[in-house]
Participant: 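The structure that follows is given in the form of structure tokens.
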Amino acid sequence: MKVTDGEESSSKPGEVAQVQKMIQERLQKVREIKYSVELSQRDAEREIAESVEIFTALVRSIERSQAELIEVVEEKQKAAERRAEGLIEVVEEEITELLRRGTELDHLHLLQNSPSPIKYWSEISVPRDLHVGTVRRALSQLEETLLKEMEKLCNAELRSLRQWSVDVTLDLETEHPKLIVSENRKQVSFQGTQRNIPDNPKRFDQRLAVLGKEGFSSGRFYFEVQVRGKIQWELGVARESIIRKGPTAESPDGGLWALYMTGENKYGKVGVFVDYEKGQISFYDVENRSHIYSCTGCTFTEKLYPYLNPCNNSEGPNTAPLVILPVNHTD
């Protein structure tokens, strides 16, 4: 009996310690969840404040433009009315004078010595003022204001997204043999000649692409790539099971979500943001502080990898590299 009691007492401290550890782990998880909610609340409050500021400015601009437009149109109408009143007054005076002279002169004398009022007044009118130009100018000013406010909104959006920036390096095992990845694995360019490098299941053999070394299966991430100097490029993310051998479908069905550009390139830096749980991928023109395009309603079930394709020279000289840039959090 005593032995049994001793065995029971010796096993209890280990069990208690295990339970205590489990409790601490769960308490820590509760703290993490609360902290996450707190951060989310701060982000929401900041976003609301910024949006209220922007939309308030926009509403004020609309009201100001509307008031200015009404004032211009009303002033033009008053000017037309004053002109019409002046003309009517002159005409009525001439009518009065003609009536007076008509009682004094015979018809023939009147025609010989008086100016021809019919000919003179037939050339004078009060045209209806068209306000189309006024409205168009007001809308043009409003559009300019809207663009400025959208730039402010995108600035705030980019500042928020940069908190999710990740350090992307390229995976040499995935690069196509006609590509050259820099020594620091931050740049990739097309060189044209097929290099004699070992093949492996991860390497692209037709698509001129390379993937990032690290994949992401949850949360959010953001990175920026310099595309300046290129006339053709493709940039985005690819799922882990994307086809590496043979043609790859250029669509989400093929496991690729990318922005493809050809011809004159108007971008210098492109930002890529992914919200895994929300199923959204967004592209931004970093230098011009504007949103380019978003893929929404996506369903992700496996790891996503940064995807870079510098493309070939089929559209002309295109040797400039795609460059993964450090994200500036203070800009």
Participant: If two hydrophobic side chains count as joined below 4.5 Å and joins carry through other members, does Phe223 share a cluster with Ile292?
Facilitator: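 Cluster IDs for Phe223 and Ile292 match.
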Participant: Do Ile281 and Val274 have side chains that approach each other closer than 4.5 Å (heavy atoms only, starting at C-beta)?
Facilitator: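 Yes - at least one pair of side-chain heavy atoms lies under 4.5 Å apart.
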Participant: Nearest 0.5 Å please: distance from the NZ atom of Lys21 over to the CZ atom of Arg26.
Facilitator: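 Here the rounded value is 11.0 Å.
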Participant: Nearest 0.5 Å, please: how far is OG1 in Thr301 from CD in Glu240?
Facilitator: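 So the CD of Glu240 and the OG1 of Thr301 are separated by 10.5 Å.
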Participant: For side-chain contact (heavy atoms from CB on, under 4.5 Å), just list the numbers for Gln232 and Asn312, CA-CA rounded to whole Å, side-chain angles, deciding distance to a tenth of an Å, and then say yes or no.
Facilitator: CA-CA 8 Å; Gln232 190 178 11; Asn312 57 25; 3.8 Å; yes
Participant: Hey, could you give me each pair passing salt bridge (charged side-chain N to carboxylate O under 4.0 Å, His left out) that has a residue in residues 266-284? Not counting sequence neighbours.
Facilitator: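 Passing the test, one end in residues 266-284: Arg220-Asp275.
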Participant: Can you list, pair by pair, the side-chain donor-acceptor contacts under 3.5 Å of residues 202-211, counting residues two or more places apart and other chains?
Facilitator:
from   : atom 1 : to     : atom 2 : distance (Å)
Lys202 : NZ     : Asp171 : OD2    : 3.0
Lys202 : NZ     : Glu173 : OE1    : 3.4
Arg203 : NE     : Pro198 : O      : 2.9
Arg203 : NH1    : Leu172 : O      : 3.1
Arg203 : NH1    : Glu175 : O      : 2.8
Arg203 : NH2    : Pro198 : O      : 3.0
Asp205 : OD1    : Gly246 : N      : 2.8
Arg207 : NE     : Tyr307 : OH     : 2.6
Arg207 : NH1    : Thr248 : O      : 3.4
Arg207 : NH2    : Glu234 : OE1    : 3.1
Arg207 : NH2    : Glu234 : OE2    : 3.2
Arg207 : NH2    : Glu250 : OE2    : 3.2

Participant: Name all pairs fulfilling the ring pair (Phe, Tyr, Trp, His ring centres under 6.0 Å) condition that reach into residues 245-267, sequence neighbours left out, sorted by first residue then second.
Facilitator: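 Qualifying pairs: Trp257-Phe300.
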Participant: Quick one: closest heavy-atom pair of Asn309 and Cys311, and the distance?
Facilitator: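 Smallest heavy-atom distance, with atoms named: OD1-N, 2.8 Å.
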Participant: Which heavy-atom pair separates Asp253 from Arg239 by the least distance, and what is that distance?
Facilitator: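 Closest heavy-atom pair between Asp253 and Arg239: O-NH2, 3.1 Å.
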Participant: Are any of the side-chain heavy atoms of Gln28 and Arg31 separated by less than 4.5 Å?
Facilitator: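 Contact flag for Gln28/Arg31 side chains = yes.
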Participant: Over all heavy atoms of both residues, which pair between Arg244 and Pro201 is shortest? Give the atoms and the distance, please.
Facilitator: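 Distance-wise, the nearest heavy atoms are CG-O, 3.5 Å.
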Participant: Can you see which heavy atom on Gly229 is nearest to which on Ala320, and at what distance?
Facilitator: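 The answer is O-CB, 3.7 Å.
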Participant: Do Val181 and Val225 land in one hydrophobic cluster if side-chain heavy atoms of ILVMFWY residues count as linked below 4.5 Å?
Facilitator: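 Per the 4.5 Å side-chain linkage, Val181 and Val225 are co-clustered.
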Participant: Side chain of Glu45, backbone of Arg42: donor and acceptor closer than 3.5 Å?
Facilitator: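 Answer holds: no.
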Participant: Mind jotting down which residue pairs meet the salt bridge (charged side-chain N to carboxylate O under 4.0 Å, His left out) criterion with at least one end in residues 56-65? Sequence neighbours excluded, please.
Facilitator: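 Matches after skipping sequence neighbours: none remain.
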Participant: Any non-hydrogen side-chain atom of Phe273 less than 4.5 Å from a side-chain atom of Ser294?
Facilitator: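 In short, these two side chains do not touch, never coming nearer than 4.5 Å.
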Participant: Would you indicate whether Glu32, at its atom CD, is surrounded by more than 12 heavy atoms from other residues, nucleotides or ligands within a distance under 6.0 Å?
Facilitator: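 Atom CD in Glu32 is crowded, with more than 12 foreign heavy atoms closer than 6.0 Å.
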Participant: Out of curiosity, does Leu259 fall in the hydrophobic cluster containing Ile242 (side-chain heavy atoms, cut-off under 4.5 Å, transitive links)?
Facilitator: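 Shared cluster, no.
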Participant: Under 4.5 Å side-chain heavy-atom separation, chaining through any Ile, Leu, Val, Met, Phe, Trp or Tyr, what else clusters with Ile48? Say none if it is isolated.
Facilitator: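 Val52, all in the cluster of Ile48.
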Participant: Looking at Gly271 and Val286, what are the two nearest heavy atoms and their distance?
Facilitator: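 For Gly271 and Val286, the tightest heavy-atom pair comes out as N-CG2, 3.5 Å.
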Participant: Measuring only between side-chain heavy atoms, which start at C-beta, is Phe283 closer than 4.5 Å to Val272?
Facilitator: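 They are in side-chain contact.
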Participant: Quick one, Arg82 with Glu75, criterion salt bridge (Lys or Arg N to Asp or Glu O under 4.0 Å). Give me CA distance, side-chain angles, the key distance, then yes/no.
Facilitator: CA-CA 10 Å; Arg82 288 194 296 269; Glu75 184 55 40; 3.3 Å; yes
Participant: Taking side chain as C-beta onward, heavy atoms only, is Asp167 less than 4.5 Å from Lys186?
Facilitator: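 Yes. Closest side-chain heavy atoms under 4.5 Å.
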Participant: What distance separates Leu158 CG from Asn328 CG, expressed to the nearest 0.5 Å?
Facilitator: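 Going from the CG atom of Leu158 to the CG atom of Asn328 covers 11.5 Å.
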Participant: Do Val270 and Trp233 have side chains that approach each other closer than 4.5 Å (heavy atoms only, starting at C-beta)?
Facilitator: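 Heavy-atom side-chain distance check passes, below 4.5 Å.
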Participant: Measuring from atom OG1 of Thr296 to atom CD of Gln280, what distance do you get when rounded to the nearest 0.5 angstrom?
Facilitator: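 One gets 6.5 Å once the value is rounded to the nearest 0.5 Å.
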Participant: Out of curiosity, Gln194 CD to Leu179 CG, how far, rounded to the nearest 0.5 Å?
Facilitator: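 The distance works out to 9.5 Å.
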Participant: Would you kindly confirm whether Leu325 and Met261 end up in one hydrophobic cluster when ILVMFWY residues are joined by side chain heavy atoms under 4.5 Å apart?
Facilitator: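 No, no single cluster joins them.
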Participant: To the nearest 0.5 Å, tell me how far Glu81 CD sits from Arg83 CZ.
Facilitator: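 Here the interatomic distance stands at 13.5 Å.
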Participant: Would you kindly confirm whether Leu256 and Tyr293 end up in one hydrophobic cluster when ILVMFWY residues are joined by side chain heavy atoms under 4.5 Å apart?
Facilitator: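 Hydrophobic grouping puts Leu256 apart from Tyr293.
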Participant: Does a side chain donor of either Gln24 or Gln20 reach within less than 3.5 Å of an acceptor in the other side chain?
Facilitator: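 No pair is found: no donor N or O on one side chain lies under 3.5 Å from an acceptor on the other.
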Participant: Minimum heavy-atom separation for Asn200 and Lys245, please, with both atom names.
Facilitator: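 What the structure gives for the nearest pair is O-NZ, 2.8 Å.
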Participant: May I have all residue pairs that pass side chain to side chain donor-acceptor pair (under 3.5 Å) and include part of residues 221-231, sequence neighbours excluded?
Facilitator: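 Residue pairs with at least one partner in residues 221-231: Arg162-Glu224, Tyr222-Glu224, Arg228-Glu287, Lys230-Asn318.
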Participant: Hey, is the main chain of Ser241 close enough, under 3.5 Å, to the side chain of Glu302 for a donor-acceptor pair?
Facilitator: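 Answer holds: yes.
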